[in-house]
Amino acid sequence: MAELTLFADYRQIHVFDEGSQTDLGDAWTDQADEDRLAVGEDSVALGTTVNVDVTVSVEALDGPPTDDNIDFDHVVEASLHCSSGRLVIMGCTDYEPDAARFSVSKGWLRLRASRSNLDRAYQADLDSADDFATMERLRLQVWSAGAAAPSVVVRRWIEPE
């Protein structure tokens with residue numbers, strides 16, 4: 001497992017195949033905003049609660065993870081195609097050549113993004129990155145999949161009013 005701290009500029013973290021040219025701008029529909037998940041064929045953008053640093057853990061798995069969704073606030077799954085065998089994970093406006101890269105199986109992958117500490121991060125807003133106790137946390141789990149499957153919101157967090 002790798003641990004990263006990424007700047008979630010525009011409230012986004014991106015995961016994509018190295019060399020992807022996909023522009024996710026049009027993928028941010030009203031539904032994608034609500035789900036906090038925009039999907040292209042070889043890329044995924046994950047919406048965050050805050051527009052500051054978030055902690056990101058990355059796990060490459062041999063198969064689907066166990067169901068621990070109850071431990072998280074918001075959980076989504078999506079498929080992406082990785083022809084290079086390398087995934088890039090970065091903040092929306094990070095400099096791509098410096099972004100973290102992870103070796104994965106070539107072909108279709110399934111990605112589960114599990115987010116936690118959202119209420120505390122939401123309350124602290126721009127100050128959430130000042131203290132680990134208030135930082136938004138994102139766990140990314142990826143495994144090889146035989147084919148693409150529909151994106152799904154497994155558990156939904158709703159911002160307090």
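Not measured: the values here are computed from a predicted model.
A 6.0 Å sphere centred on CD of Gln21 holds no more than 12 heavy atoms belonging to other residues, nucleotides or ligands. Around CG of Asp62, the count of heavy atoms belonging to other residues, nucleotides or ligands within 6.0 Å does not exceed 12. For Asp30, the CG atom counts as loosely surrounded, since its 6.0 Å shell holds 12 or fewer non-hydrogen atoms of other residues, nucleotides or ligands.
In the hydrophobic clustering of this structure, Leu126 groups with Val54; members are Ile, Leu, Val, Met, Phe, Trp, Tyr whose side-chain heavy atoms approach within less than 4.5 Å, directly or through other members. When the side chains of ILVMFWY residues are joined at heavy-atom separations under 4.5 Å, either directly or via intervening members, Val153 and Trp157 end up in two distinct hydrophobic clusters. The hydrophobic cluster containing Leu111 also contains Leu87, counting ILVMFWY residues as joined when their side-chain heavy atoms lie under 4.5 angstrom apart, directly or transitively. Side-chain heavy atoms closer than 4.5 Å link hydrophobic residues (I, L, V, M, F, W, Y) into clusters, and following such links, possibly through other members, connects Phe102 to Val44. In the hydrophobic clustering of this structure, Met90 does not group with Leu24; members are Ile, Leu, Val, Met, Phe, Trp, Tyr whose side-chain heavy atoms approach within less than 4.5 Å, directly or through other members.
Rounding to the nearest 0.5 Å gives a distance of 4.5 Å between CZ of Arg86 and OG of Ser103. Note: Glu34 CD to Thr29 OG1 = 9.5 Å, rounded to the nearest 0.5 Å. Rounding to the nearest 0.5 angstrom, the gap separating the SG atom in Cys82 from the CD atom in Glu41 is 11.5 Å. To the nearest 0.5 Å, the span separating CG on Leu140 from CD1 on Ile13 amounts to 8.5 Å. Considering NE2 of His14 and CD1 of Ile89, their distance stands at 12.5 Å, rounded to 0.5 Å. Gln31 CD to Arg36 CZ: the interatomic distance, rounded to the nearest 0.5 Å, is 11.5 Å.
Every side-chain contact (heavy atoms from CB on, under 4.5 Å) that Asp131 has, sequence neighbours left out, goes to Ala133, Thr134.
No donor-acceptor pair under 3.5 Å is formed between the side chain of Arg139 and the backbone N or O of Glu59. Under a 3.5 Å cut-off, the side chain of Ser84 and the backbone N or O of Asp17 do not form any donor-acceptor pair. A donor-acceptor pair under 3.5 Å is absent between the side-chain atoms of Arg112 and the main chain of Pro64, judged by distance alone. Side chain of Arg137 to main chain of Phe132: a donor-acceptor pair is present (N/O by atom type, distance under 3.5 Å, no hydrogens or angles). The main-chain N or O of Thr49 is found under 3.5 Å from a side-chain atom of Glu136 such that the two form a donor-acceptor pair. The main-chain N or O of Thr55 is never found under 3.5 Å from a side-chain atom of Asp53 such that the two would form a donor-acceptor pair. For the pair Arg155 (side chain) and Phe72 (backbone), a donor-acceptor distance under 3.5 Å is present. In terms of modelled atom types and a separation under 3.5 Å, the side chain of Asp9 and the main chain of Cys92 share no donor-acceptor contact.
For the 3.5 Å distance criterion, the side chains of Ser116 and Asp71 fail to qualify, holding no donor opposite an acceptor. Side-chain contact, Asp42 with Ser20: a donor N or O sits under 3.5 Å from an acceptor N or O.
Shown here for Phe16 and Ser43, the closest heavy-atom pair between the two residues is CB-CB, 3.5 Å. Here the shortest heavy-atom pairing between Ser57 and Glu3 reads CB-OE2, 3.4 Å. When all heavy atoms are compared, the tightest approach of Ser151 to Leu37 is CB-CD2, 3.8 Å. Considering all non-hydrogen atoms of both residues, Thr48 and Ala8 come closest at OG1-CB, 3.5 Å. Residues Ser79 and Ala149 approach most closely at OG-N, 2.9 Å, considering heavy atoms. Here the shortest heavy-atom pairing between Gly146 and Trp108 reads O-CD1, 4.2 Å.
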Verdict with reasoning, Val76 to Arg156, per side chain to side chain contact (heavy atoms under 4.5 Å, CB included): CA-CA 8 Å; Val76 295; Arg156 185 179 302 278; over 6 Å; no

Determine, step by step, whether Arg115 and Leu46 satisfy the side chain to side chain contact (heavy atoms under 4.5 Å, CB included) criterion, reporting the C-alpha distance in whole Å, the side-chain angles of both residues, the deciding distance to 0.1 Å, and the verdict. CA-CA 10 Å; Arg115 296 172 44 226; Leu46 302 159; 5.6 Å; no

